[in-house]
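Read the structure below first, then the notes.
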Amino acid sequence: AALGCALWVLLPGATGEECPSPCSCTSLGEAGGTRVDCSSRGLRSLPALPRLARGLRLSNNSLASVPAGALDGLGRLQELELWDNPWHCDCDILYLKLWLEDFSVPALARLRCASPDHLRMKPLGQLSGNELGACMTLLPTKCFQFFWRDLILIAGGIITLVLVALALKFSKKLVCQLTLGGRRLRRHISKTH
C-alpha cells in the first residue's frame, strides 16, 4: 500500500484517533476499529480518514472522485458505502474503480457515472479504458516504480529459468557424451588386452 498517498487523521478514544469532521464515529471496541459515518454530509471531497476504520459510509454526498491512494491505508476496512454520489467518470475515477475491483465487486456494481454526458448512468464497473481516454497520470509515481521493479523481477526470473533449462539440457548432453565415451574407452581397453 502506498502509505504516503493515504489520508488519515488521528482519532480519540480507545483507538487513539480522531473522527474526521463533519462525520460521526462509533468505536467497535479496542480490537474492532471504528465505524465512520460520513453519509449525507454534503461532502465534495474525501475527508481525512482514520486508518483504523472498519466501516466507512460515504453515500449520498457530492463526491465526484477519490484521490489516488486515499483508500490504500485502510487495512481494516470491511464495509464501504459509496452510492448516491455524482461520480465523474474520467481518468480520476480509475483509481476508485481499480481499488473497488480488489475490495468489493458488489460495492463497485452499485456505482454509476453522473458525468460526462456520454457516460451518464453507466455502471462504473463496466467502464473501459477507451471510454476514459488517455490516462497517463492516474497512478502515483510510486505505483509506476513498483511496476518497473516488478517487470524487471519478472524478466530476471524468466532469464534465470531459461538459463537453468539450457544448463540442464547441456548437462544431459554431457552425461550422454561421457557415458558413450566411457563405453568406447572400455571397448578400446578390452581390445588391447
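Taken from CZ in Arg76 to CG in Leu28, the straight-line distance is 10.0 Å, to the nearest 0.5 Å. Between the OG atom in Ser104 and the CD atom in Glu81 there is a gap of 11.0 Å [rounded to 0.5 Å]. Annotation: the span from Leu111 atom CG to Leu127 atom CG amounts to 10.5 Å, rounded to 0.5 Å. Ser62 contributes atom OG, which lies 13.5 Å from atom CZ of Arg41 (distance to the nearest 0.5 angstrom). The line from OG of Ser65 to NZ of Lys97 is 15.5 Å long, rounded to the nearest 0.5 Å. How far CG of Leu58 is from CG of Leu49: 6.5 Å, rounded to the nearest 0.5 Å.
Residues Val66 and Trp87 form a side-chain contact, since some pair of their non-hydrogen atoms from C-beta on lies under 4.5 Å apart. Using a 4.5 Å heavy-atom cutoff, the side chains of Glu79 and Arg35 are in contact. Within the 4.5 Å cutoff, no side-chain heavy atoms of Val164 are placed close to those of Leu161. Between Leu108 and Leu96 there is no side-chain heavy-atom pair separated by less than 4.5 Å. Asp72 places a side-chain heavy atom less than 4.5 Å from the side chain of Tyr95. In this structure, the side chains of Leu100 and Leu71 stay at 4.5 Å or more apart for every pair of heavy atoms.
Checked by atom type, the side-chain pair Asn60/Ser40 shows a donor-acceptor distance below 3.5 Å. With no hydrogens or angles considered, a side-chain donor-acceptor pair links His88 and Ser115 at under 3.5 Å.
Checking side-chain atoms of Arg54 against main-chain N and O of Gly32 turns up a donor-acceptor pair under 3.5 Å. Although no hydrogens or angles enter the test, the distance criterion places a donor-acceptor pair under 3.5 Å between the side chain of Asn61 and the main chain of Cys38.
Among residues at least two apart or in separate chains, ring pair (Phe, Tyr, Trp, His ring centres under 6.0 Å) pairs with a member in residues 102-125 are Trp99-Phe103. Screening residues 93-122 for disulfide bond (SG atoms under 2.5 Å apart), with sequence neighbours left out, gives Cys89-Cys113.
The minimum heavy-atom distance linking Arg112 with Pro123 is given by the pair NH1-CG, 2.7 Å. Of all the heavy atoms in Leu46 and Leu63, the pair that sits closest is N-CD2, 3.8 Å. The heavy-atom pair separating Asp37 from Arg57 by the smallest distance is OD1-CB, 3.6 Å. Val36 approaches Ala53 most closely through the heavy-atom pair CG2-CB, 4.0 Å. Closest non-hydrogen pair, Pro22 versus Leu43, comes out as CD-CD2, 3.7 Å. Heavy atoms only, all atoms of each residue included: Leu82 and Asn85 are closest at O-ND2, 2.8 Å.
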**Prompt:** Going through the checks in order, is the side-chain contact (heavy atoms from CB on, under 4.5 Å) test met by Ile93 and Leu124?
**Reply:** CA-CA 9 Å; Ile93 203 72; Leu124 182 58; 3.6 Å; yes
